[in-house]
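Numbering of residues begins at 1 and proceeds along the displayed sequence. All ligand and atom numbering here is 1-based and tracks the order in the structure.
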Amino acid sequence: MTDDIGGGSLLVAWQLKEKRILIVGGGEIASQRIQSTLVADPYITVLAPQSGLHPRTRHFIETRDDRITYHDRTFQGAGELEGMAMALTALDDNDLSREIVGMCRERRIPVNAADIPDLCDFYFGAQIRDGPLQIMISTNGNGPRMASLIKSRLQKGLSGQEGNAIVKVGQLRNKLKERAPGVGGDVGRQRMKWMTTLCNQWEMEDFTALDDITMDKLLSEGWDQGGRVPSPVDFGIRPRKDTIANPYSIPLLHSAVAFAAGVLATTLLFLYRGKK
Ligand SMILES: C[C@@]1(CC(=O)O)c2cc3[nH]c(cc4nc(cc5[nH]c(cc(n2)[C@H]1CCC(=O)O)[C@@](C)(CC(=O)O)[C@@H]5CCC(=O)O)C(CC(=O)O)=C4CCC(=O)O)c(CCC(=O)O)c3CC(=O)O
Ligand SMILES: NC(=O)C1=CN([C@@H]2O[C@H](COP(=O)(O)OP(=O)(O)OC[C@H]3O[C@@H](n4cnc5c(N)ncnc54)[C@H](O)[C@@H]3O)[C@@H](O)[C@H]2O)C=CC1
């Protein structure tokens, strides 16, 4: 922990499920806002004249009418904000954007104006998503393109299996809670200790091999046996040591071959020189 905490922003996973949000504008930035928010299952109202729609905005409006209500018109006033849990402006009209932010403030509606960072209640960020795994990279308004580049760096460090592993861990946790129900107290502490130890001891990718049957087996042979944490080897997820070549022998073999080749080359060199 550092003492000089401050100057950042709160990173949260905002829940928008079934809430209503307003997007004013229909250009490229609006299309990105639609894409970013659709992931969270809200009901989206888009206000923008047909003439200014970006093809991707049009595509979303046409294909996601289960979630998106589109009005082919300009913003008409504060009444548009009625019942909204969030408002986003993506306009080529800075004055109007500013005005909408003011209306949102009065109504305590969280608002993001794509063109006025100083007035935003929150910023969007670069995102990496893999099922339930959600990583947001924020430079806190300093360098959006840098956020995008850092995303590419981070993506290279991921195996692509993390999301799947998290899904399996989520299923296992639910099964554990069914087997050992109760909130907080001793049982809560024991569940957390078991899950933490299991996550620490298994490789992340080991979890992807779990299915319904192996999960039940893991709980019966682990949790039910005094909170033991079995090895993935016991479940055939990782091979037993004696069935594979000793991994240490492979580098040793390489060194031995290299050494022998060196000896041979030196001997040949001496023989060649001796002949001259
Ligand atoms: C403050 C913030 C408000 C908000 O939008 O919430 C904001 C504001 C502004 N962006 C501008 C420009 C650019 N934005 C991008 C890209 C992204 N911008 C995003 C977020 C944010 N942009 C928020 C801060 C996030 C943070 O700091 O981390 C990303 C991460 C997420 C997203 O938009 O969903 C997404 C990348 C997603 C990805 O690639 O994964 C690029 C590059 C590109 O397009 O490739 C450029 C051009 C190059 C550059 O400027 O870096 C300008 C005009 C500046 C001007 O006029 O000069 C403003 C307004 C201003 O700064 O005044
Ligand atoms: N936050 C970010 O990442 C970035 C933000 N920006 C800013 O975002 C804003 C939007 O950018 P783009 O989508 O590229 O612009 P754009 O010009 O393509 O789209 C503007 C949209 O606003 C609509 N519009 C204009 N007046 C309106 C009104 N009265 N009511 C309803 N809709 C109206 C237009 O019809 C159009 O659909 C710009 O101000 C730009 O500076 C630009 C790049 C990145």
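Contact atoms of ligand 1 toward S148: 38 (C), 39 (O) (distance under 4.0 Å to a heavy atom of the residue). Applying the 4.0 Å criterion to heavy atoms of L47 picks out, from ligand 2, the atoms 31 (C), 32 (N). Close approach to G141 involves these atoms of ligand 1, each under 4.0 Å from a residue heavy atom: 24 (C), 26 (C), 27 (O). In summary, the atoms of ligand 1 found under 4.0 Å from a heavy atom of S138, numbered by their order in the structure, are 28 (O). Of all atoms in ligand 1, listed by their number and element, those nearer than 4.0 Å to a heavy atom of N140 are 26 (C), 27 (O), 28 (O). Listed by atom number, the atoms of ligand 2 under 4.0 Å from G52 heavy atoms are 35 (O), 36 (C), 37 (O). Heavy-atom contacts of G26 reach the following atoms of ligand 2: 21 (C), 36 (C), 37 (O) (cutoff under 4.0 Å). Of all atoms in ligand 1, numbered sequentially from 1 with element shown, those under 4.0 Å from a heavy atom of N142 are 27 (O).
Looking only at distances, a side-chain donor or acceptor of Y70 sits under 3.5 Å from a matching main-chain atom of Q50. The closest donor-acceptor contact from the side chain of R67 to the backbone of I44 lies at 3.5 Å or more, if one exists at all. Looking at D206, its side chain does come within 3.5 Å of a backbone N or O of E203 through a donor-acceptor pair. For the pair H71 (side chain) and R73 (backbone), a donor-acceptor distance under 3.5 Å is absent. Side-chain N or O atoms of Q35 include none that pairs as donor or acceptor with a backbone N or O of R33 at under 3.5 Å. For the pair R107 (side chain) and M84 (backbone), a donor-acceptor distance under 3.5 Å is absent. Side chain of D121 to backbone of V111: a donor-acceptor contact under 3.5 angstrom is found. For the pair K168 (side chain) and L210 (backbone), a donor-acceptor distance under 3.5 Å is present. No donor-acceptor pair closer than 3.5 Å links the side chain of Q201 to the backbone N or O of T197.
Remark: the S220 side chain and the R179 side chain contain an N/O donor-acceptor pair separated by less than 3.5 Å.
Contacts of V24 with ligand 2, taken as heavy-atom pairs under 4.0 Å, involve the side chain alone. Contacts between N94 and ligand 2, counted as non-hydrogen atom pairs separated by less than 4.0 Å, are absent for every part of the residue. At a heavy-atom distance under 4.0 Å, no atom of D93 approaches ligand 2.
G163 and D130 make their closest contact through N-OD2, 2.9 Å (heavy atoms, listed as atom of the first residue, atom of the second, distance).
For atom 25 (C) of ligand 2, the nearest protein heavy atom (residue, atom name, distance) is D92 OD1, 3.1 Å. In terms of protein heavy-atom proximity, atom 19 (O) of ligand 2 is nearest to G27 CA, 3.5 Å. For atom 40 (C) of ligand 2, the nearest non-hydrogen atom of the protein is D115 CB, 4.5 Å. The closest protein non-hydrogen atom to atom 33 (C) of ligand 2 is L91 CD2, 3.2 Å. Nearest protein neighbour of atom 5 (C) of ligand 2, counting heavy atoms only, is A114 O, 3.4 Å. When hydrogens are left out, the protein atom nearest atom 61 (O) of ligand 1 is P117 CG, 3.7 Å; that is the closest non-hydrogen contact. With respect to atom 23 (C) of ligand 2, the closest heavy atom belonging to the protein is G25 CA, 3.8 Å. Closest to atom 6 (N) of ligand 2, if we only count protein heavy atoms, is I29 CG1, 4.0 Å. Protein heavy atom in closest approach to atom 29 (N) of ligand 2: L96 CD2, 3.1 Å.
Within the 4.0 angstrom cut-off, atom 56 (O) of ligand 1 has no protein heavy-atom neighbours. Atom 17 (C) of ligand 1 is approached by the protein to below 4.0 angstrom, counting heavy atoms only. Within 4.0 Å of atom 46 (C) of ligand 1, not a single protein heavy atom is present. At least one protein heavy atom sits closer than 4.0 Å to atom 10 (C) of ligand 2. The nearest protein heavy atom to atom 28 (O) of ligand 1 is closer than 4.0 Å.
Within the 4.0 Å heavy-atom shell around ligand 2 one finds R33. At least one heavy atom of A90 sits closer than 4.0 Å to an atom of ligand 2. Close to ligand 1: G125, with a non-hydrogen atom less than 4.0 angstrom away.
The existence of a salt bridge linking R98 and D95 is excluded, since no basic side-chain nitrogen approaches an acidic carboxylate oxygen closer than 4.0 Å.
Of the N or O atoms in A30, none lie within a sub-3.5 Å distance of an N or O in ligand 2. For F75, a nitrogen or oxygen atom sits less than 3.5 Å from a nitrogen or oxygen atom of ligand 2, counting backbone and side chain alike. Residue F124 has at least one N or O atom closer than 3.5 Å to an N or O atom of ligand 1. For ligand 1, none of its N or O atoms has an N or O atom of Y123 under 3.5 Å away. In terms of polar-atom proximity, defined here as any N/O pair under 3.5 Å, N112 does make such a contact with ligand 1. In terms of polar-atom proximity, K151 is counted as a contact of ligand 1, with an N or O under 3.5 Å from an N or O of the ligand.
For atom 58 (C) of ligand 1, the nearest non-hydrogen atom from the set A90, P144, A114 comes from A114. Within the set Q35, R33, R145, the minimum heavy-atom distance to atom 51 (O) of ligand 1 is found for R145.
Connection of F60 to V46 is established within a shared hydrophobic cluster, with ILVMFWY side chains joined at heavy-atom distances below 4.5 Å, either directly or through further cluster members.
Atom CE of M103 and atom CD1 of I109 lie 11.0 Å apart (nearest 0.5 Å).
Counting heavy atoms from C-beta on, the side chains of P49 and D72 come closer than 4.5 Å.
Note: W194 and W223 have perpendicular aromatic rings, judged against thresholds of 30 and 60 degrees for the angle between ring planes.
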Inset, instruction - Let me see the working for F122 and L88 under side-chain contact (heavy atoms from CB on, under 4.5 Å), right down to the final yes or no. - result: CA-CA 10 Å; F122 55 91; L88 312 173; 3.7 Å; yes

